[in-house]
Structure formats: C-alpha cells, structure tokens
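Okay, so here's the structure we're looking at.
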Amino acid sequence: MALMDGNQGFAEIVLEWYGLVARDLPWRRPEAGPWGVLVSEVMLQQTPVNRVLPAWEAWMARWPVPAALAAEPSGEAVRMWGRLGYPRRALRLHQAAVAMVERHGGAVPDDLEALLALPGVGTYTARAVAAFAFRQRHAVIDVNVRRLIARAVEGTAEGPTAIGRRDLALVEDLLPEDAETAAQASAAFMELGALVCVARTPRCAGCPVRERCCWLIAGSPPADGPARKPQGYAGTDRQVRGRLLAVLRDADGPIEAALLDAVWDEPVQRDRALRGLLDDGLAVAVAPGWYALPGGVPADSIA
DNA sequence: TATCCGTGGCA
DNA sequence: TTGCCAAGGAT
C-alpha cells in the first residue's frame with residue numbers, strides 16, 4: 001500500500017547506505033542457516049556484537065545443528081556460554097534445541113507462531129529469525145530500530161519504551177513490499193541504529209536520512225520523560241550469581257560448597273543467590289554440599 | 001507493567 | 001572514574 005505520509009523512500013535510502021557500509025557479520029552470510037541466525041539472535045540479546053563473534057563461532061563449530069546441542073546436557077550449553085552474560089539464555093537455547101528435535105524434526109521452524117513457542121524466543125527474536133533466516137516480510141523492532149524510528153519518524157528522543165502493535169504497524173509501513181527487500185531493509189534499519197543513530201552521541205553528520213529526520217529538524221530536543229532507572233550491579237544478587245556460576249563453569253566436575261562460599265562473604269545473600277541458580281536450573285546439587293552445572297556427573301561418581 | 005536476569009567496553 | 005549502554009525474555 002502506498003504511504004500517505006512523508007516516508008516514501010525511507011527504506012530505499014537506508015538500503016542504499018546499508019549496501020555501502022554493512023558489516024560482514026558471519027550470521028548474515030547465507031551459509032549460517034536458520035540455526036546460525038537463531039543462535040546469533042539469542043546471543044545478541046543485550047550483548048554487544050564484538051563479544052558475541054567468537055562465542056558464536058565456537059558454538060556453531062561444536063553444535064552445527066540443533067540436534068547436536070539437544071544431545072548434550074544443558075550444563076554444557078551453560079559452560080560454552082562463557083561470560084556472555086544472562087546465562088539463562090544458554091539454558092533456553094538448549095531447551096529450544098530439544099523442542100525443535102521433538103516438534104520440528106530438528107529444524108528451526110519458519111513461521112512466527114512456532115518460533116514464538118520456543119523457549120527464550122520473544123517478539124523480537126521470532127521476527128528476526130523469520131526475516132533474516134527465512135527472508136519473510138515482518139517488522140523487526142529492537143532497541144536500535146525503536147530509537148531510529150523515534151527520532152527520524154516521530155521526532156522524539158524518548159527513552160526505552162515497550163514495543164506495541166502500533167510500533168509494529170508503523171515499521172511495517174516503512175518496509176518495501178517485496179519480502180526479500182523487506183528483510184534487507186530490516187537489517188539495514190538495525191544497522192543504522194547500531195552504527196549511526198546510536199544512543200548517546202548520534203553521528204548525524206554521516207546519517208543518510210539526516211535531511212528528513214524529524215528529530216534533527218526539530219533541533220535534536222532532549223528526552224522529556226523521566227530518566228530510566230539505573231541498572232546497578234555491584235552488590236546485587238546478579239553479581240553474586242555471576243560469581244557463583246563462574247566457579248561452577250570453570251570447574252571440570254562437582255565442587256564443594258566451600259569453594260562457592262569463598263566468592264561472597266555475606267551468607268544470606270550468597271545462599272539466596274545459590275538457591276536462585278538452583279531454581280533456575282543453572283546449577284544442581286549432586287550430593288549434600290556438592291554442586292555442579294546441570295546434567296553432568298552423577299552423584300554416585302563423587303569420590 | 002515493573003522487575004529481575006550478567007558482563008564488559010567506553011565516553 | 002562511573003554511569004551508560006548493549007540485536008530481550010519471562011514473570
């Protein structure tokens with residue numbers, strides 16, 4: 001459908017720019033396949049590209065298909081995850097691999113609904129896989145696209161907001177009709193947000209849509225809403241969980257509780273964090289006072 | 001809807 | 001140095 005506003009040609013401009021400067025990321029290559037795309041999308045959730053690159057290569061080399069991952073204990077996924085952060089993603093990716101073997105013959109499903117049903121796959125990831133792996137026409141909105149649209153189309157510098165149907169409809173209207181071109185445009189929007197229309201100091205001088213950017217034209221007004229809450233990390237349960245899991249990850253097998261006690265001196269918080277890891281399935285108690293990554297050495301093998 | 005969930009680079 | 005921020009998802 002023809003656009004009735006001033007956004008004709010928006011995708012075409014960004015696509016032309018993308019053709020000139022796009023990064024050669026391995027999961028964008030055709031040989032990556034749907035599984036490679038899915039793995040990359042999950043790893044990239046809240047983790048920068050540069051840190052994902054080596055982890056993705058190692059992961060794909062070890063588990064080139066979902067069935068290979070599904071055949072191993074979930075703890076191996078957690079171990080391979082290394083220090084990417086948010087290790088529950090590793091657990092869910094393993095669960096997703098199991099689900100794909102059980103429900104899809106070991107293949108990554110190609111429709112939005114089936115993708116959404118996979119553990120760890122939400123609105124963004126489902127659409128990204130459908131678009132980038134299967135070249136379908138879907139609006140793909142991550143934090144980069146959200147920011148780009150807020151500035152260029154809506155003329156605001158609003159902080160992070162939930163992505164709703166209205167946003168999906170708006171972005172879909174920007175997409176070219178042809179599915180393959182639309183998939184490229186989705187990648188191009190994300191790239192523009194990631195490289196030029198960045199959060200802190202946007203590089204507007206090098207932006208291909210600077211002449212039609214509503215935010216720039218309006219004088220780059222600052223965000224008016226309340227600043228978002230500080231993330232905070234030092235001293236939180238997340239930090240304690242991270243330290244505990246690092247010990248489990250770096251060990252070959254089960255370890256004594258004393259080794260875990262050494263990473264945090266406050267016992268109440270330490271115990272709460274460990275209980276959290278056990279509840280999440282990121283760790284298991286293999287015997288009284290002995291802990292390990294899940295699915296590893298059976299309890300009776302402890303000397 | 002707000003909160004929780006890791007980690008590290010960078011301005 | 002210290003916040004800010006990063007291809008979100010689950011509850």
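Per chain, numbering begins at 1; letters A, B, ... match sequence-line order.
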* Got a donor-acceptor contact below 3.5 angstrom from the A:Arg127 side chain to the A:Ala139 backbone? -> yes
* Output yes when at least one side-chain N/O atom of A:Arg241 is less than 4.0 Å from OP1 or OP2 of B:dT7, else no. => no
* To do: Provide the distance between the two P atoms, one in C:dA7 and one in B:dT3, to the nearest whole Å.
  => 23 Å
* Closest to side chain of A:Thr125, choosing from C:dA10, B:dG6, C:dG9 -> C:dG9
* To do: Write down the distance separating the P atoms in C:dT11 and B:dG6, rounded off to the nearest Å.
  => 14 Å
* Asked: Can you find a donor-acceptor N/O pair under 3.5 angstrom joining the side chain of A:Arg238 to the base of B:dT7?
  -> no
* Asked: Among residues 52-70 of chain A, which residues get a heavy atom nearer than 4.0 Å to DNA chain C?
  -> none
* Asked: A:Ala199 has a side chain; which of C:dA6, B:dG6, C:dA7 sits nearest to it?
  -> C:dA6
* Kindly point out which of B:dG6, C:dA6, B:dT7 is positioned nearest to the side chain of A:Arg83? => B:dT7
* Quick one: which of C:dC4, B:dG6, B:dC5 gets closest to the side chain of A:Arg88? -> B:dC5
* Distance check: side-chain N/O of A:Tyr124 vs OP1/OP2 of C:dG9, anything under 4.0 Å? -> no
* Asked: C:dC4 base to A:Arg200 side chain: any donor-acceptor pair below 3.5 Å?
  -> yes
* Structure fact -> Among the nucleotides C:dA10, B:dC5, B:dT7, whichever has the atom closest to the side chain of A:Arg249 is B:dT7
* Asked: Where do A:Arg79 and A:Glu72 land on the salt bridge (charged side-chain N to carboxylate O under 4.0 Å, His left out) test, with the steps shown first?
  -> CA-CA 12 Å; A:Arg79 193 187 306 279; A:Glu72 293 212 34; over 6 Å; no
* To do: From the options A:Arg238, A:Gln45, A:Gln46, select the one residue that forms a side chain to side chain donor-acceptor pair (under 3.5 Å) with A:Tyr86.
  => A:Arg238
